[in-house]
There are 2 protein chains.
Amino acid sequence: MSTGDTGVSASLHDHRLPMPVPVGEYDRCPVTDVLRRVSDKWTLLLITLLGRHPHRFNELHRAVEGLSPRMLTRTLRVLESDGLVEREVFPTLPPSVEYRLTPLGASLLEPLSALAEWAVAHHAEIVAVRQRTA
Amino acid sequence: MSTGDTGVSASLHDHRLPMPVPVGEYDRCPVTDVLRRVSDKWTLLLITLLGRHPHRFNELHRAVEGLSPRMLTRTLRVLESDGLVEREVFPTLPPSVEYRLTPLGASLLEPLSALAEWAVAHHAEIVAVRQRTA
DNA sequence: CTGAATCCATGTCGATACTG
DNA sequence: CAGTATCGACATGGATTCAG
């Protein structure tokens, strides 16, 4: 890299990342932005389910215990507005709506599973430390 | 996988993951748990900085514009209680404290950068869709 | 079946001031 | 230097009720 080590522009690994975040614009850090979207309560689970095959609204509703229609709709709408999920309405009676991952959404599965793999491998250790500290 | 396709135990990619989350215990999904910890406002940035080399409290404070001592302490404490960051106090006068990544914390850098790479590659597209939807 | 509307509890974060 | 204490604003998520 031509750029010197001034400032805090930081690499996680060997990639240059657009950090630090300018004042008041932390939401413009792409990584944190994506992270925040994916880490809310139901998003990861829904992405995972839709990664297997398309689902109808009530399929998702029934599949995820504890997920209310309100939160399901809300979460799907965010996913849709980020271009990760696609919504298709079939004008049947009663109506049915199908949700599927877009190519963009599907492309997220791989990096997510890298992190998922790390999480399942190390979660026990984290929990152990957490309790010792508590 | 011996288990059939009943239930919603889901794979992100080709890994079996401990989903779905039982009612009221979504915090026991390792992946979402890790995701939520890493995705708060300052954590990723601090992990990134500490991934380069150990830092003293005020070094971090000066490095990150907009980060208050309160949030810096808070974020570091969580990281510490999860075993990702180590805190070492030097009983000098005035006191100085150094923070560094633990091996566990360092091991997180690689899966994180996979996601980071995806984020920088696709964030523009997400933002574009987001605005079109808005 | 696929939602929308309303209200409320809790969590996250910032601002400000103070301390060993 | 390296924090703590207090307060309040805003975001997230749940419960309940209603609708096309």
Side-chain angles (χ1 to χ4, degrees), chain A residues 20-27 29 32-33 35-46 49-50 54-82 85-100, chain B residues 20-27 29 32-33 35-46 49-50 54-82 85-100:
Chain A
V21 182
V23 192
E25 315 200 18
Y26 77 94
D27 56 317
C29 169
T32 297
D33 188 25
L35 238 23
R36 291 182 80 100
R37 293 296 184 135
V38 167
S39 67
D40 65 13
K41 186 161 181 177
W42 306 107
T43 295
L44 178 70
L45 184 46
L46 292 180
L49 290 172
L50 295 177
H55 284 70
R56 294 189 30 205
F57 185 88
N58 247 19
E59 270 187 291
L60 292 171
H61 181 56
R62 276 181 281 102
V64 185
E65 232 181 318
L67 173 54
S68 67
R70 162 174 153 75
M71 286 313 294
L72 178 53
T73 303
R74 231 180 90 84
T75 306
L76 288 170
R77 289 286 187 276
V78 172
L79 252 7
E80 197 191 352
S81 83
D82 278 2
V85 160
E86 204 172 33
R87 178 175 180 265
E88 186 178 4
V89 182
F90 298 97
T92 57
L93 206 67
S96 92
V97 179
E98 198 174 86
Y99 293 91
R100 77 187 66 242
Chain B
V21 183
V23 192
E25 315 199 16
Y26 76 95
D27 56 318
C29 169
T32 297
D33 188 26
L35 237 23
R36 290 181 80 99
R37 294 296 183 133
V38 167
S39 67
D40 66 11
K41 186 160 182 178
W42 306 107
T43 295
L44 178 70
L45 184 46
L46 291 180
L49 290 172
L50 295 176
H55 284 71
R56 293 182 39 197
F57 184 89
N58 251 15
E59 270 185 292
L60 292 170
H61 181 57
R62 275 179 280 102
V64 185
E65 232 181 317
L67 172 54
S68 68
R70 163 175 152 75
M71 286 312 295
L72 178 53
T73 302
R74 233 179 90 83
T75 307
L76 287 170
R77 289 286 188 276
V78 172
L79 254 5
E80 197 192 351
S81 83
D82 278 1
V85 160
E86 205 173 32
R87 177 175 180 268
E88 187 178 4
V89 181
F90 298 98
T92 56
L93 206 66
S96 92
V97 179
E98 198 174 86
Y99 293 91
R100 76 186 68 243

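Not measured: the values here are computed from a predicted model. Lettering follows sequence order; numbering is per chain, from 1. The figures here come from the full heavy-atom set of this structure, side chains too, leaving out hydrogens, waters and symmetry mates.
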Can you check the [X] [atom1] to [N] [atom2] distance for me, whole Å?
X	N	atom1	atom2	answer
A:Arg36	D:dC10	CZ	P	16 Å
B:Leu72	D:dA5	CG	C1'	17 Å
A:Arg62	C:dC1	CZ	P	7 Å
A:His55	C:dC1	NE2	P	15 Å
B:His61	D:dC1	NE2	P	9 Å
B:Leu67	D:dG3	CG	P	13 Å
A:Met71	C:dA9	CE	C1'	14 Å
B:Trp42	C:dC13	CH2	C1'	9 Å

What distance do [X] atom [atom1] and [Y] atom [atom2] have between them, rounded to the nearest 0.5 Å?
X	Y	atom1	atom2	value
B:Asp33	B:Asp82	CG	CG	7.5 Å
A:Thr32	B:Leu45	OG1	CG	7.5 Å
B:Leu50	B:Leu60	CG	CG	5.5 Å

Minimum heavy-atom separation for [X] and [Y], please, with both atom names.
X	Y	answer
A:Lys41	B:Arg36	N-NH1, 3.3 Å
B:Phe90	B:Glu98	CE1-CB, 3.7 Å
A:Arg87	A:Val97	CG-CG1, 3.6 Å

- Considering the terminal five base pairs at each end of the helix from C:dC1-D:dG20 to C:dG20-D:dC1, what angle separates the two local helix axes, rounded to 10°?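 Between the axes fitted at each end of the helix from C:dC1-D:dG20 to C:dG20-D:dC1 lies an angle of 50°.
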Residues 71-79 of chain A side chain polar contacts: donor-acceptor under 3.5 Å, at least two apart:
{"unit_1": "A:Thr73", "atom_1": "OG1", "unit_2": "A:Pro69", "atom_2": "O", "d": "2.9"}
{"unit_1": "A:Thr75", "atom_1": "OG1", "unit_2": "A:Met71", "atom_2": "O", "d": "2.7"}
{"unit_1": "A:Arg77", "atom_1": "NH1", "unit_2": "A:Tyr99", "atom_2": "OH", "d": "3.4"}

- Message: For B:Arg56, give me all partners under side chain to side chain contact (heavy atoms under 4.5 Å, CB included), at least two apart in sequence or on another chain.
- Response: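 For B:Arg56 the side chain to side chain contact (heavy atoms under 4.5 Å, CB included) partners, ignoring immediate neighbours, are B:Glu59, B:Ser96.
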- Message: Generate the contact string for nucleotides 2-7 of chain C. Rules: B means base contact, S means sugar-phosphate contact only, - means no protein heavy atom under 4.0 Å.
- Response: BBSBB-
- Message: Is the shortest side-chain heavy-atom distance between B:Arg37 and B:Thr43 below 4.5 Å?
- Response: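 No, their side chains stay 4.5 Å or more apart.
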